[in-house]
Amino acid sequence: MTDYRRACALADVPEQGAVRVTVDGEILAVVRDEGELHAISDTCTHEDVSLSEGEIEDGEVECWLHGSRFDLVTGRPTCLPATRPVAVYPVTTQGEDVLVDIDHPLNQEKSA
């Protein structure tokens, strides 16, 4: 069972990029990459850095501070220094709203 909550307006998400949002206390990055929407924990697992400020390219987000990259579908790090995945959440749209289910991470990694 899913419990989607409004994260932001679809218009708030850049065509190729991310926006930082808070959904019931969880800080997330809602990301659009090549037309696909993703929702991940906004905090890099290597340092306490906002991933929504990083570059989005080829299905990954790059942490702007030390260059760790995370797969937007699995949350797994694809290069060092990060070694732990970020949480990835189900995301959908309803009308002009982006909805996220923060209670059921797709990869069972929930930010600390």
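Computed over heavy atoms, backbone and side chain alike; hydrogens, waters and symmetry mates excluded.
- For Thr92, there are no side-chain hydrogen bond (donor to acceptor under 3.5 Å, both in side chains) partners, not counting sequence neighbours.
- Within the 4.5 Å cutoff, no side-chain heavy atoms of Phe70 are placed close to those of Thr78.
- Residue Arg5 holds its CZ atom at 9.5 Å from CD of Glu26, rounded to the nearest 0.5 Å.
- Under the 4.5 Å side-chain criterion, counting only non-hydrogen atoms from C-beta, Leu28 is not in contact with Arg20.
- Pairing each heavy atom of Asp33 with each of Gly59, the nearest pair is OD2-N, 2.7 Å.
- Atom CG of Asp3 and atom CD1 of Ile102 lie 8.5 Å apart (nearest 0.5 Å).
- Rounding to the nearest 0.5 Å gives a distance of 11.5 Å between OH of Tyr4 and CG of Asp103.
- Counting side-chain heavy-atom gaps under 4.5 Å among Ile, Leu, Val, Met, Phe, Trp and Tyr, the cluster of Leu65 also holds Val49, Trp64.
- The side-chain heavy atoms of Ile56 and Leu72, taken from C-beta on, include a pair separated by under 4.5 Å.
- Taking the side chain as every heavy atom from C-beta outward, Ser50 and Glu53 approach each other to under 4.5 Å.
- For the residue pair Val19 and Val13, the shortest heavy atom distance occurs at CG1-CG2, 3.9 Å.
- Taking 4.5 Å as the limit, every side-chain heavy atom of His104 sits out of range of all side-chain heavy atoms of Tyr89.
- Across all their heavy atoms, Ala82 and Thr45 have their closest contact at CB-OG1, 3.8 Å.
- Gln16 CD: more than 12 foreign heavy atoms inside a 6.0 Å radius.
- In this structure, Ser68 and Leu80 approach most closely via the heavy-atom pair OG-C, 3.8 Å.
- Across Val100 and Ala7, no two heavy atoms sit closer than the pair CG2-CB, 3.8 Å.
- Ser52 and Asp42 share a side-chain donor-acceptor pair at under 3.5 Å.
- Clustering ILVMFWY residues whenever any of their side-chain heavy atoms sit less than 4.5 angstrom apart, transitively, puts Leu37 in the very cluster that holds Val23.
- A 4.5 Å side-chain heavy-atom check between Asn107 and Thr74 finds every atom pair outside the cut-off.
- Residues Val21 and Cys8 approach most closely at CG1-CB, 3.9 Å, considering heavy atoms.
- Once rounded to the nearest 0.5 Å, the distance linking NE2 of His46 with SG of Cys63 reads 8.5 Å.
- No path of Ile, Leu, Val, Met, Phe, Trp and Tyr side chains, each step under 4.5 Å between heavy atoms, connects Leu99 with Val30, placing them in separate hydrophobic clusters.
- Between Leu10 and Arg32 there is a side-chain heavy-atom pair separated by less than 4.5 Å.
- If you take CD on Glu96 and CZ on Arg6, they are separated by 10.5 Å, rounding to the nearest 0.5 Å.
- Taking the side chain as every heavy atom from C-beta outward, Glu57 and Glu62 never approach each other to under 4.5 Å.
- Screening Leu51, Val61, Val86 for a side-chain contact (heavy atoms from CB on, under 4.5 Å) involving Cys44 leaves a single residue, Leu51.
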